[in-house]
Every structure is written in C-alpha cells, then in structure tokens.
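Residues: numbered from 1 along the sequence shown. Computation of the quantities below employed the complete heavy-atom set of this structure, encompassing side-chain atoms and omitting hydrogens, waters and symmetry-equivalent molecules.
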Amino acid sequence: MRLSRPAMRLSRILPLCLIGAVAVAAFGFKAGDTPGGQMKTFADAFLETLDEGQRETATVPYDSPKRVDWHFIPMDSRKGLPIKEMNTSQRTGALRLVRAALSEVGYDKTSKIMELETVLKKLEGDNRNWPRDSELYYVTLFGTPSDSDPWGLSFEGHHLSLNFVCRDGKVVDSTPQFMGANPAIIQDELEGPLGKGTRVLRDEEVLAFDLVNSLTESQAEAAVIADEAPSEIRFAGEPQADVDDPQGIPYDRFNGDQKELLKKLVFTYTDNVAGPVAEVRRELIDGAGWDSIRFAWAGPKKPGIGHYYRIRGEGFLIEFVNTQPDASGNPANHIHAVFRDLTGDFNLAPAQ
C-alpha cells in the first residue's frame, strides 16, 4: 500500500490547538500544502534548532538498518533524540513535525498515550521496573529531508511507533503504525489530565465488540478462530508482516449494519494520519475491494477477559490484542493495536 501535545505540561510546550495556528503564521502554509511538504518544512526547522551533537543523534542515514528497527515495548535506549533532552523550542519543533504527519484524532491519541506514562508512574509506584516518563519519546530523521529524494521519520517510545517515508514532497508510506494503551480504561481516581474513565483507544475496542456481538451463530462460526486470545500481536518489531492465508469471516457475509461497523473500525486505524494520506489509504482499500476483507476474532466476546481480533485486506493488516492486566491488576486492560502495509512497510518490498 504505497501511500503517495504529547500531553506535555502547558508551561513547557504549545497546546495542541495552537500548533497548527503557529505553523500557518510562521510558515505561511496554504490549504493545498501536502503533508509531505509540511513535514519537510518542519523537519528542516526542527534541525535548525539543534546543536551539532543533538543533530548527530537525531539523524540517521536513510539506508541504515535502524530505519526498520521498531518496537513499542519499554527500552533502556532507542534510536533518535528524546523529547526529554530538548529545550522548549526544540520540543515545539519536534511536535510540529509529528503533528504534520497525523490527523487531529491521531495526534490526540498520541498525546494521551504519552501521558499514560505519567499514569503508570503513579500506579506502579517507586518499585516500578521502568522510568515511566512522558518525555521518553524519540524523534529520528532518516536521510536528509528533501523535496525529491526519499527520507523518513520515526516517532517512538513505549506504546508508540509511528513511521513515515516521504519522497517527491509526498508521504509514500506511513507504517508500521502502532498504538497501545495501559490502562486501556483508567479505573483509579487520579489527579491530572487523564482521570478515571479515560479510554484512549476506545473506538478500536468498542466497535469491535459491537461487531462481534452482532454476529449470528453461523457468522460467529466463521469469524472466531480460537477460544483463547493470543498473548501478543504477530510480527511485533519485525520489518514486514509475513502473513499466511487470511482467516475469519469475509465482508460479503455481513449484513448492511455489520458492514458499516467494520468500515468504521477500519477507518479508526486508517484515519490516524494526516487527511490526504488517510484518503489514499481509504482509496486503496476501496480499489482492492471490501469483499476481499476478512474479520477474525479470538477469545471471549466481553470486556475484562483476554480478547483479540485481526482485519485482513489485500493490502493491509490490522491486529488488536487486550490480554494483559493493567498496573492495578485489572485483567485484560492493556491494549496493543497495529496497522501494517502488506505491500511493504517502510516503503520496502514485502516479505516473500
């Protein structure tokens, strides 16, 4: 599928609602500017704010193996320059760049996923295994931002891995796209921007429950591939998703309402990126045909017990798993969700 705040403290970073306005005022963007063009402008501006050492850390050759080395688990170190090591101007520049690559809803999810680290820090206490720092998210630029040659962007940390390739002023690939949430639903009374009841990846879960619970007995027989959910998504951290034959119920066996539910669920993933890029994702899915898409489920069909689904189309794969407990011990309250490009993540040829 070739594709032509954080919730930081307000004293340290621009609010989400102001980032777009500042971009227009500072750079004179017009409605017709492409996400790739905006990303190039913001990448150049971000690099200008860095000192020599920071620039060396933040930039990696385009053909480096690090470009396809992605993961969402907590790690002692990652490629790129962390938000934590940036001053206010640099943070603003970095987040403008990330914002240009995402839709409003995608950026809001990204911001809240980062802030969930602060929630985990409170819930896990002093004996936690990881720092749980909302500023340990890393920006990496691959190659030199260009209007013609390929270059890439990675924004990554715990429960986030967002990867983009630009060429000829366009975003030509935008996967792997991983988002996770722990807790999936905050069930504790907490102070801060994310309080009890916050559900960052709500639609990814609720729409799927609505769909699977709407199935008739015969439909469920085709859709359910296992009584127990797997512990993790497949191909985590691998450069390509080496898929086998699709499983589950095909789209053409759904009734009208079920088809609309499935589309809403798929668009929940496609529409995390900037509008024009999301439109191309939708067009490619439409072009391949919805009848080729299959929905598969594993595990019980109610919250609080481990569950999993995948949606497989001709050029894409969605996987969602919620089997782990949260930091307070509430079962199945920890989401991993990914969108993959089966024509080749990272703008590379797919696995054979």
Side-chain angles (χ1 to χ4, degrees), residues 70-74 113 116 120 123-124 129 158-161 176-188 199-238 240-251 253-254 258-259 261-262 264-266 268-269 292-313 316-340 342 351:
W70 71 281
H71 221 299
F72 50 85
I73 59 175
I113 289 168
L116 280 173
L120 283 176
L123 294 177
E124 292 177 342
N129 294 321
H158 183 222
H159 278 164
L160 270 179
S161 186
Q177 172 192 288
F178 178 93
M179 293 182 170
N182 178 19
I185 307 173
I186 298 179
Q187 299 187 21
D188 299 80
R199 194 171 188 175
V200 177
L201 300 180
R202 179 188 184 280
D203 289 349
E204 287 84 345
E205 187 164 43
V206 171
L207 290 172
F209 273 128
D210 289 346
L211 180 56
V212 75
N213 284 308
S214 76
L215 301 180
T216 65
E217 185 175 346
S218 63
Q219 287 176 319
E221 288 178 0
V224 177
I225 58 174
D227 293 332
E228 184 176 344
S231 61
E232 186 55 278
I233 61 171
R234 302 172 302 165
F235 322 116
E238 297 181 20
Q240 305 293 321
D242 188 11
V243 295
D244 48 17
D245 293 335
Q247 294 179 286
I249 181 171
Y251 177 84
R253 286 191 57 185
F254 288 141
Q258 292 168 334
K259 289 178 178 179
L261 269 175
L262 181 62
K264 286 181 180 179
L265 182 54
V266 170
T268 298
Y269 289 83
S292 66
I293 293 174
R294 289 176 177 259
F295 172 80
W297 183 274
K301 303 172 188 175
K302 60 182 180 180
I305 310 175
H307 51 281
Y308 163 95
Y309 67 82
R310 80 176 66 129
I311 305 171
R312 169 83 179 273
F316 75 94
L317 171 69
I318 290 169
E319 286 196 78
F320 172 106
V321 66
N322 186 346
T323 56
Q324 299 182 59
D326 66 15
S328 298
N330 299 301
N333 198 35
H334 180 152
I335 291 171
H336 290 172
V338 69
F339 181 84
R340 305 295 300 257
L342 296 184

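In this structure, Glu232 places its CD atom where more than 12 heavy-atom neighbours from other residues, nucleotides or ligands lie under 6.0 Å away. The environment of Asp227 atom CG is sparse: at most 12 non-hydrogen atoms of other residues, nucleotides or ligands sit within 6.0 angstrom.
Taking the six-membered ring where tryptophan is involved, the planes of Tyr251 and Phe254 are perpendicular, since the angle between them exceeds 60° and thus also 30°. By the 30° and 60° cut-offs, the orientation of the rings of Phe72 relative to Phe178 is parallel. Ring planes of His159 and His334: perpendicular class, angle over 60° (limits at 30 and 60°).
A donor atom on one side chain and an acceptor atom on the other are not found under 3.5 Å apart for Thr268 and Asp203. No donor-acceptor contact under 3.5 angstrom links the side chains of Gln187 and Asp326, judged on distance only.
A heavy-atom distance below 4.5 Å is not found between the side chains of Leu116 and His158. Between Tyr309 and Ile318, some side-chain heavy-atom pair lies under the 4.5 Å cut-off.
Between Arg234 and Asp244, at least one side-chain N (NZ, or NE/NH1/NH2) sits under 4.0 Å from a carboxylate O, which counts as a salt bridge.
Between the side chain of Trp70 and the backbone N or O of Glu238 there is at least one donor-acceptor pair closer than 3.5 Å. Side-chain atoms of Asn182 never come within 3.5 Å of backbone atoms of Leu120 as a donor-acceptor pair (strictly under, hydrogens ignored).
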